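Heads up, the thing below is written out as structure tokens.
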Amino acid sequence: MKTKNIEIVVAPREPHYVGDGFRVHNFIPSGYRLDMERMDPFILLDYNSPFYFPPTDKPRGVSVHPHRGFETVTIAYQGKVAHHDSSGNSGVIGEGDVQWMTAASGILHKEYHEEKFSKEGGYFQMAQLWVNLPAKDKMSAPKYQGITNSQINKYQLADNKGVIEVIAGNYKDVKGAASTFSPINMFNTRLEAGAKAEFSFPSNYNTALFVVDGEITVNGSKTVAENHFVLFENEGEDFSMETTKKSTVLILSGEPLNEPIVAQGPFVMNSREEIAQAIKDYNLGKFGYLEE
Ligand code: MN
């Protein structure tokens with residue numbers, strides 16, 4: 001198998017707030033290098049780098065808003081976030097947990113810091129991805145997968161050098177916890193200093209990694225710092241990473257859907273007409289009801 005080389009390393013941009021509870025660096029979509037078509041099916045990545053939120057009685061977050069046509073995946077590294085949606089699903093995720101919310105035909109939801117976390121204050125660190133849905137599934141029923149860390153299968157590296165948490169897809173013989181609509185691999189790799197891990201994905205899959213904590217060397221040569229995003233070329237299959245210190249790395253690899261992407265705000269569909277319909281349906285209250 002051929003080595004998969006780095007296409008580009010992207011530094012974090014200045015953070016902005018989503019609501020008042022998520023202070024994020026946006027990586028996807030940005031520019032032509034990391035636009036939705038290039039990163040398909042990963043159409044958004046916002047990362048809240050570790051940030052201290054002081055105690056408050058009124059939980060911070062994002063109030064009721066709609067989504068249609070894709071899934072939101074929230075990965076908690078520090079802090080706790082609560083979710084409620086108009087299809088009746090709710091849940092709280094904390095450190096190491098994942099919330100995989102399928103908006104599909106449409107939901108309203110709100111995302112807030114969990115109440116006790118808000119009252120005590122603390123460090124908050126989280127990633128949110130938007131995963132696009134195939135055209136045939138965009139209008140399917142909404143779904144919610146609250147995945148606790150203990151439900152995530154883990155591949156143990158030799159000599160206690162770390163674990164690869166398989167959120168979705170497969171790592172060697174370890175199967176992912178989340179069900180997906182298209183082939184997707186999503187791993188949280190938690191490595192000790194001096195660890196080495198190897199990965200192999202089909203060359204046509206769009207493949208990237210994000211250094212959540214620590215520092216890694218990719219393919220034995222390129223050092224990548226914390227908070228940096230690496231996009232790989234769509235050639236070759238295999239890459240490796242090594243650590244000189246304890247590190248956490250999010251690995252993403254998915255088969256591109258190769259369908260037209262038309263995105264507007266919280267809606268991601270395949271045509272202008274479908275976007276117009278989403279706005280119309282939202283205004284008609286067809287996404288249900290959710291109390292603020
Ligand atoms: Mn949302």
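Model, not experiment: these values are computed from the prediction. Count residues from 1 along the sequence. Atoms within a ligand are numbered from 1 in the order they appear, just like the ligands themselves.
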N, O or S atom within His109 nearest to the Mn ion (ligand 1), by name: NE2
Aromatic ring proximity His65/His109, centre distance under 6.0 Å: yes
Among the N, O or S atoms of Glu111, the one nearest the Mn ion (ligand 1): OE1
is_close_aromatic(Phe124, Phe51), centroid dist under 6.0 Å: no
Name of the His65 atom (N/O/S only) found closest to the Mn ion (ligand 1): NE2
salt_bridge(Lys4, Glu237) N-O dist < 4.0 Å: no
Donor-acceptor side-chain pairing of Asp46 and Asn26 below 3.5 angstrom: yes
